[in-house]
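Chain A is the first sequence line, chain B the second, and so forth, proteins listed ahead of strands; every chain is numbered from 1.
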Amino acid sequence: MATFKPKFIKPETDDAITDTSGSTEQSSAFVFNANQNLGIEEQRERLPIRKYRDQILYCLENYQVVILVGETGSGKSTQVPQYLYEFGWHTKGLIGITEPRRVATVTLANRVAQERGELVGDSVGYVVRFLERMSSETKIKYMTEGILLRELLADPLLTQYGVIIVDEAHERNMLTDMVLGLLKKILRKRSNLKLIISSATIDASFFSEFFSWPGSTRDVSVKLSIEGRMHAVTKYYLNEPCADYVRETVETVWKLHQKEPFGDILAFLTGQEEVLEALDLLREYIASSELDNLKVVPMYGSMTSTDQLAVFFTPPKGVRKVVLATNIAETSITIPGIVYVIDCGYVKVKCYNPATCSDSLVIVPVSKASAIQRAGRAGRVRPGKVYRLYTKSDFDSLAPRQPPEMRRSEMSGAVLQLKALGIGNILRFDFPSPPPAKNLLSALETLYALDAIDEQGNLTKPVGFLLAELPFAAMLSKMLYISGQMGCSEEIITIIAMLQVQSVYSRPPSAQAQQSGRIAHRHFEVAEGDLITLLNVYTAFVEEGMTKEFCGQYYLIYRNLKRACELREQLLALARKKYAIPIFSCKGDVEMVCKCITAGFFTQVAYLHHSGVYRQISSGTELAIHPNSTLYTLPQAQYVVYCELLQTTKLFMDQLTVIKKEWLTEVAPHYYHQTTMRH
DNA sequence: GAGCACTGC
């Protein structure tokens with residue numbers, strides 16, 4: 001049985017999984033447990049969802065799709081699968097539950113197994129990437145959405161399942177929408193398969209419209225609303241819009257601290273820079289007032305786990321904690337004890353632009369759904385308050401929700417998946433929210449250039465099928481495929497693993513530490529660029545015994561490096577066993593590695609124009625080197641390939657590698673005989 | 001001399 005130690009991290013396991021103390025846990029039903037002393041059965045009986053049990057079961061008997069609407073805290077995720085089991089649904093096939101995140105998947109399965117007085121892996125199991133607890137006895141199966149999607153490749157009609165529950169469907173992640181689109185197809189072919197969609201209020205009618213089809217004599221789906229168990233949150237708005245929400249946040253914290261009874265504060269800002277700016281300002285206020293009963297802590301993604309832990313400590317009696325956070329606190333991390341929320345009203349979103357094949361990163365007003373989610377963070381322990389730094393009429397005119405990820409993303413991965421599932425005409429696939437046709441066409445072009453599809457749009461053999469099966473971006477897969485032929489697959493696999501994880505470079509909160517961090521990172525830098533630098537970081541990490549001390553010394557994020565190691569192992573096994581890619585090290589032949597990178601990313605090349613700026617080789621678009629890149633401070637190379645293109649103040653290239661012009665015709669003659677003619 | 005929110009196979 002998995003034994004979970006509270007708060008601290010077992011070195012040999014995924015820290016995100018082990019740390020189930022409640023800190024990273026965000027599956028709602030059991031976070032705040034007012035009935036801790038009751039027996040498990042009694043607790044289950046007291047959950048808000050209990051009184052809907054018979055209704056849920058009735059609906060499932062009579063409709064193919066049931067949409068369960070309700071706020072968090074009702075017990076949907078843990079109880080519904082058990083009700084189904086208790087009433088015999090497991091005899092018709094597996095009861096599958098998909099979750100958007102790994103941690104929630106594992107936590108939920110553990111909790112349900114515990115409620116049933118069993119070990120996880122008996123009647124209740126889970127599957128996430130790298131971890132699996134299943135047996136022949138398992139009837140209730142928690143899994144991430146990506147796992148279900150992979151299973152579809154082997155079993156397109158999901159014949160082992162009798163019921164599928166899509167949890168947190170309102171989040172509308174890329175994978176959620178893929179799963180929903182494919183399930184719609186399956187439901188029409190398998191009338192004995194049932195689907196339960198668990199969603200927040202705002203999207204309920206959207207789902208019932210999506211799950212209806214002509215020709216059926218009665219409604220396919222039914223909606224059922226479940227009350228939650230949140231405390232009331234009082235909302236406050238500004239009378240006038242504010243010009244500077246960072247400053248307004250700080251002033252609100254300050255006023256609130258003086259007037260309101262004790263209780264911790266959580267403030268949402270859009271990025272690391274704003275968080276640090278607010279942190280400085282607030283510390284100035286504190287210093288000038290000589291108050292010592294306000295403790296301010298930052299929270300954003302690129303902090304180390306150690307630094308992040310500060311937000312979970314309970315302040316001493318009489319001291320109020322203020323957490324200044326990015327969106328990380330909206331869904332991913334639940335901070336205990338919050339009573340007051342301050343919502344700046346903005347969020348940073350990434351949006352794909354097919355014209356330049358780049359992502360743009362923009363700060364936009366939050367959606368109503370987000371504003372409600374943020375406010376909800378104040379009502380978990382007792383009635384709370386939210387201070388919205390915008391007017392009531394601004395709130396009323398907010399969009400109900402952010403466009404789903406599917407409409408804002410690069411599509412080549414999704415297109416490959418669908419092709420592999422035999423969906424020929426992607427443009428006619430029934431997506432819950434169809435992506436812009438331009439995005440699909442741009443993906444098709446990319447895949448054609450990579451030789452993954454032919455002129456008819458069919459997957460090629462072996463490249464297309466390989467790219468569809470490998471669990472990462474098409475260009476990285478192509479690079480892996482070529483590396484087997486070139487003899488540098490060891491190095492390329494490391495680079496892929498490092499590019500898959502969130503940044504391994506930590507960005508500590510204090511200015512002084514940031515400076516030291518920059519100097520420490522220079523230790524790994526090389527003239528060939530960012531990818532070879534990542535290779536160096538990884539190699540050094542392994543050589544130094546993969547210790548936290550090493551990471552601390554060089555300002556690296558242990559959890560991300562650790563994850564890169566896991567990914568690398570999985571990838572190595574996959575490449576070797578399943579795809580028969582020979583595993584070789586080129587033993588320090590950096591040029592070979594760079595050439596191999598070029599073979600994957602040959603469509604993303606820039607050359608140095610005589611005016612001193614870079615231009616994209618195929619379009620002539622002006623590009624700049626991102627300040628995060630190692631090449632930013634080095635003399636400009638003639639030719640570079642980039643893995644990412646980001647539009648902010650300019651079009652920036654990131655994750656760069658220096659290449660030689662002649663490699664292009666060597667590794668991609670089909671592409672470069674014509675494009676180079678333009679110059 | 002500019003600045004990346006978050007998640008997943």
Side-chain angles (χ1 to χ4, degrees), chain A residues 16 24 26 98-105 127-132 143-154 168 171-179 268-277 299-303 325-333 344 346-351 358-364 366 370 373-374 402 404-405 408-409 413-414 416-417 420 467-474 476-477 496-497 500-503 505 507 514 518 560 563 566-567 570-571 574 624-629 631-634 644-655:
Chain A
T24 51
Q26 33 73 61
T98 69
E99 294 289 330
R101 283 167 290 278
R102 291 161 52 88
V103 182
T105 310
V127 185
V128 299
R129 190 174 184 180
F130 306 129
L131 291 175
E132 180 170 335
M143 72 201 114
T144 40
E145 293 160 344
I147 295 284
L148 189 73
L149 220 53
R150 292 282 143 190
E151 286 184 6
L152 274 163
L153 286 175
E168 313 277 6
E171 287 189 18
R172 304 288 308 279
N173 299 322
M174 188 84 168
L175 294 184
T176 318
D177 277 15
M178 289 279 284
V179 164
F268 286 100
L269 292 162
T270 71
Q272 175 193 318
E273 202 182 339
E274 289 175 8
V275 166
L276 295 179
E277 187 189 335
M299 178 83 202
Y300 50 84
S302 58
M303 276 161 62
T326 62
N327 243 13
I328 194 170
E330 197 179 292
T331 49
S332 309
I333 285 181
C344 75
Y346 288 87
V347 64
K348 204 177 286 195
V349 292
K350 211 174 183 177
C351 194
S358 67
D359 286 312
S360 47
L361 203 59
V362 283
I363 295 174
V364 298
V366 287
S370 276
Q373 174 78 12
R374 288 178 176 185
Q402 215 67 245
E405 198 184 2
R408 303 182 279 116
S409 302
L416 275 173
Q417 279 271 338
L467 267 52
E469 275 198 51
L470 287 170
F472 33 74
L476 296 176
S477 308
I496 292 175
Q500 287 298 104
V501 298
Q502 281 176 38
S503 174
Y505 304 114
R507 296 156 164 276
Q514 274 193 23
R518 230 168 271 146
N560 294 347
R563 180 147 168 91
E566 288 178 354
L567 278 164
Q570 191 202 31
L571 191 43
L574 213 65
I625 294 180
H626 195 284
N628 280 348
S629 168
L631 294 187
Y632 188 74
T633 47
L634 296 177
E644 282 168 26
L645 206 55
L646 191 68
Q647 170 88 57
T648 50
T649 51
K650 287 185 198 167
L651 251 184
F652 286 108
M653 306 179 277
D654 200 4
Q655 307 293 17

Looking at every strand, decide which applies to [X] at a 4.0 Å heavy-atom threshold: base, sugar-phosphate, or nothing.
{"X": "A:Y632", "answer": "base"}
{"X": "A:I147", "answer": "sugar-phosphate"}
{"X": "A:Q570", "answer": "nothing"}
{"X": "A:L646", "answer": "base"}
{"X": "A:T648", "answer": "sugar-phosphate"}
{"X": "A:R374", "answer": "nothing"}

Test of understanding: with ring pair (Phe, Tyr, Trp, His ring centres under 6.0 Å), list the residues that count as partners of A:F472, not counting sequence neighbours.
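Expected list: none.
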Sequence neighbours left out, what passes salt bridge (charged side-chain N to carboxylate O under 4.0 Å, His left out) with [X]? Give chain and number order.
{"X": "A:E405", "answer": "none"}
{"X": "A:R172", "answer": "A:D177"}
{"X": "A:E273", "answer": "none"}

Is it true that the side chains of A:S370 and A:E330 contain a donor and an acceptor less than 3.5 Å apart? yes
DNA chain B: A:E145 or A:T649, which has the more 5' nearest nucleotide?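 First, find each residue's nearest nucleotide; the 5'-ward one identifies A:T649.
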Quiz prompt | Whichever of A:P471 and A:Q272 has its nearest DNA chain B nucleotide further upstream toward 5' | solution =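 With A:P471 and A:Q272 compared, the 5'-side residue is A:Q272.
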- [ ] Could you list where the contact with chain A starts and ends along DNA chain B, reading 5' to 3', using a 4.0 Å heavy-atom cut-off?
- [x]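 First-to-last contact on DNA chain B, by the 4.0 Å heavy-atom rule, is B:dG1 to B:dC9.
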Can you list the residues that meet the side chain to side chain donor-acceptor pair (under 3.5 Å) rule with A:S477, with sequence neighbours excluded?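 Residues passing side chain to side chain donor-acceptor pair (under 3.5 Å) with A:S477: none at all.
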